[in-house]
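Values reported hereafter were calculated over all heavy atoms of this structure, with side chains retained and with hydrogens, waters and symmetry mates removed. Quantities reported herein were computed from a predicted structural model and do not represent experimental measurements. Here is how names work: the chains are called A, B, and so on, in the same order as the sequence lines, proteins then strands, and each is numbered from 1.
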2 protein chains.
Amino acid sequence: MTVSRSLNQPETVSPATRRRVLAAVDELKYVPNVVGQGLRHRRTMVVGFVVSDVSNPFGVQQIQGVSRAARAQGYTVVFAITDGDPDEELRQIRALAGRRVDGIILSPVYNTPDAVEFSQGQGIPIVVIDYAMPQNDVDVVRCDTREASRELTRYLLNLGHTQIAMLSGNEKIVTAVDRAEGYADAMREAGMEPDVTFGDFSVEGGAKGTESLLRRTEPPTAIVTGNNFIALGAAHTARRLGVEVPSDLSIVTFDNARTDMVLDPFFTGIVQPVMEIAEVATDLLLDRILGRFEGRGRTRILQTQFEIHNSTSEKLTDKQRSLRKPT
Amino acid sequence: MTVSRSLNQPETVSPATRRRVLAAVDELKYVPNVVGQGLRHRRTMVVGFVVSDVSNPFGVQQIQGVSRAARAQGYTVVFAITDGDPDEELRQIRALAGRRVDGIILSPVYNTPDAVEFSQGQGIPIVVIDYAMPQNDVDVVRCDTREASRELTRYLLNLGHTQIAMLSGNEKIVTAVDRAEGYADAMREAGMEPDVTFGDFSVEGGAKGTESLLRRTEPPTAIVTGNNFIALGAAHTARRLGVEVPSDLSIVTFDNARTDMVLDPFFTGIVQPVMEIAEVATDLLLDRILGRFEGRGRTRILQTQFEIHNSTSEKLTDKQRSLRKPT
DNA sequence: CTGTTAGCGCATTCAT
DNA sequence: ATGAATGCGCTAACAG
């Protein structure tokens, strides 16, 4: 009817009726039904964001980034939280497909191809963040986590450490493997034997792994941890066992929280441009939604940052140590 | 058609056809269009969550809580972030109304009644969290922040402090006023003059306020801060000015992050059961959505927790001080 | 047990 | 410049 025109193409309607319509709209507090519009236009102006974990500050910033970028383009975002369960991930993606979202941004649990395939099979554009998806032809926005891990390990090597262990997350998760491999790269380059333990991306996982490392007859003097939770567990455990960080044990990590949120940033480690990842991903997605781009999957690799704080120190010989910290 | 029945009321259709239908569904990868269902049923199975700030860990946990509780009941959640702008808040609520969400949970910017009125005027049930809304007849889930603030201030008084200042947030925000009043209550009870500065709920706000407090000829020995951001700014500024926390200056606060996310929880203060607030709010909302309750607004006040960490110490006399910390 | 009719709210198309 | 017809995908109600 004329109402629709008055609201969507005001020029095509006479000023007089337009005024009358707008007055009535105001009077009746009429709000156009976007569901109806969606049905008619076959687009919902909604994008879905599937993320495994929001308890991690990492996930939070992604939410902010996607949310901001999407809103700027007039899109609404619905979030689906998978709690790290791949079945739930697929279920959530089905649900989004049912809602006929115009596109999906996925931070996958594992790098299995099913979720992406499903979405693409439904004709819904999808962009993956954080992980490479070798089995899918899909847009990916991520950092080179393996290279970052190598850099991180080299930093410890340069400090003189030789007993460096790696405590990573669940071996099924790509990130855990990538970071372990970057560490292994650096170790082998330095002519040393990698020493990797896969566990769990959690405080408990970090605590458990660290305990067995420190109980060895020759414990490591430095640990590369797979993420901030593991680092936290490691630091707690070290303290509990009377091992001082950083003087007795250096710890480096990934995915630190924003440093402006803590009084004393403690962990030295790699920081990812989380917000930017989310924004770039949203842009790539909108390219496809709006038909500005069609073609094979694009990959965008963003730079990480290396932040030095207080969880690392030079490796001291026993002699140096006894001099500096007399009993 | 029969497809609909096969999927929604499988009993009412013969096993044979049902099998055929399900086979076809599988074959064609058919996913029912929830948008169409929404139009037909006049319900979308979506609830909106309007929150002002997600950079605060506080907001994050609320997201988790709402998300979990809603999902458990089969509802999807769309998040709307207002960045603390009341105009944006109203705009987002209009947008949610346009999407015909079945209900709204609102963590308001100010306690102006417009947003709630609008939502209720549209026939959309709404529940407010965190703040009292004296001008609206609406369900509210919150803590007694004024009482908590009183308790917090008493703690400082019991430590022997007499020069206690309060650094709160934007005076337009209810929380800022409530917390200031709780502080003032405790001070007056103890026969002292309240000393409140309203500023901004941010690190910068805390820094600025603390600087002018500490530059006084008789600076306070303790500060009650309006939230964790202000506390952070206060601690940074104190350190910059060579004032040691907690020995020279005690700081207490509200809305700390989960203590399992930091290595050394530093600030003594009030912790709200954020997740629980979100869950209770979702329950109240579903009561109304599902018609299980209609009537005047209900209020649920949840208990806060008081956590003691390392940002406070007893007030020492100058003599005591010189004894303990010889120059 | 299955098919038909009709309408949820909207906007494109065509007719006036 | 406005109105009428039509269909987006779905299901309640009614026929068969």
Side-chain angles (χ1 to χ4, degrees), chain A residues 1-46 48 74-76 78 94-103 119 121-124 289-291, chain B residues 1-46 48 74-76 78 93-103 119 121-125 289-291:
Chain A
M1 46 166 80
T2 309
V3 178
S4 173
R5 271 193 280 257
S6 305
L7 294 174
N8 301 321
Q9 309 157 13
E11 322 82 34
T12 71
V13 84
S14 88
T17 36
R18 190 193 327 163
R19 256 197 313 279
R20 278 200 307 143
V21 170
L22 295 181
V25 162
D26 212 56
E27 170 69 25
L28 301 173
K29 295 180 184 165
Y30 167 76
V31 177
N33 186 330
V34 182
V35 179
Q37 294 180 344
L39 200 56
R40 185 70 179 79
H41 283 132
R42 304 155 138 276
R43 68 176 160 65
T44 52
M45 298 300 287
V46 175
Y75 282 80
T76 298
V78 329
R94 292 188 73 87
L96 292 177
R99 293 199 179 281
R100 297 297 189 271
V101 296
D102 294 338
S119 181
Q122 292 290 321
I124 302 177
I289 291 177
L290 303 175
Chain B
M1 43 165 91
T2 310
V3 177
S4 173
R5 271 193 280 255
S6 305
L7 294 174
N8 301 321
Q9 308 157 14
E11 321 81 35
T12 72
V13 84
S14 88
T17 35
R18 189 194 327 164
R19 256 198 312 280
R20 278 201 307 143
V21 169
L22 295 182
V25 161
D26 213 55
E27 170 70 24
L28 301 173
K29 295 180 183 164
Y30 166 77
V31 178
N33 186 331
V34 182
V35 179
Q37 293 180 342
L39 201 55
R40 185 69 178 78
H41 284 132
R42 305 157 137 277
R43 67 176 161 65
T44 53
M45 299 300 285
V46 175
Y75 282 79
T76 297
V78 328
I93 293 206
R94 292 189 72 87
L96 292 176
R99 293 198 179 281
R100 296 297 189 272
V101 296
D102 295 336
S119 180
Q122 293 290 320
I124 302 177
I289 291 177
L290 303 176

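Under 4.0 angstrom from either OP1 or OP2 of C:dC1 there lies no side-chain N or O belonging to B:Thr2. For the pair A:Ser14 and D:dT2, the criterion of a side-chain N or O lying under 4.0 Å from OP1 or OP2 is met.
Rounding to whole angstrom units, CG of residue B:Leu7 and P of D:dG9 are separated by 16 Å. Between the P atom of C:dC10 and the CE atom of A:Met45 lies a distance of 17 Å, rounded to the nearest Å. Straight-line distance from the CZ atom of A:Arg40 to the C1' atom of D:dA5: 11 Å, rounded to whole Å. Atom P of nucleotide D:dC10 and atom CZ of A:Arg42 are separated by 11 Å, given to the nearest angstrom. In this structure, A:Glu11 places its CD atom 13 Å from P of D:dT2, rounding to the nearest Å.
Side-chain atoms of B:Thr44 never come within 3.5 Å of backbone atoms of B:Gly38 as a donor-acceptor pair (strictly under, hydrogens ignored). No side-chain donor-acceptor contact under 3.5 Å links B:Arg42 to the backbone of B:Leu39. For the pair A:Gln122 (side chain) and B:Lys29 (backbone), a donor-acceptor distance under 3.5 Å is present.
At the heavy-atom level, B:Gln9 lies under 4.0 Å from the strands shown only through sugar-phosphate atoms.
Taken residue by residue, residues 16-39 of chain B places heavy atoms nearer than 4.0 Å to DNA chain C at B:Thr17, B:Leu39.
Heavy-atom distances to DNA chain C give each of B:Val13 and B:Arg100 a nearest nucleotide, and the one nearer the 5′ end belongs to B:Val13.
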Scan nucleotides 13-16 of chain C against the protein and return all N/O pairs shorter than 3.5 Å with their distances rounded to 0.1 Å.
none

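Around atom CZ of A:Arg94, no more than 12 heavy atoms belonging to other residues, nucleotides or ligands sit under 6.0 Å away. Around atom CD of A:Glu11, more than 12 heavy atoms belonging to other residues, nucleotides or ligands sit under 6.0 Å away.
A:Met45 has its side chain out of reach of A:Val34: every pair of non-hydrogen atoms, C-beta onward, lies at least 4.5 Å apart.
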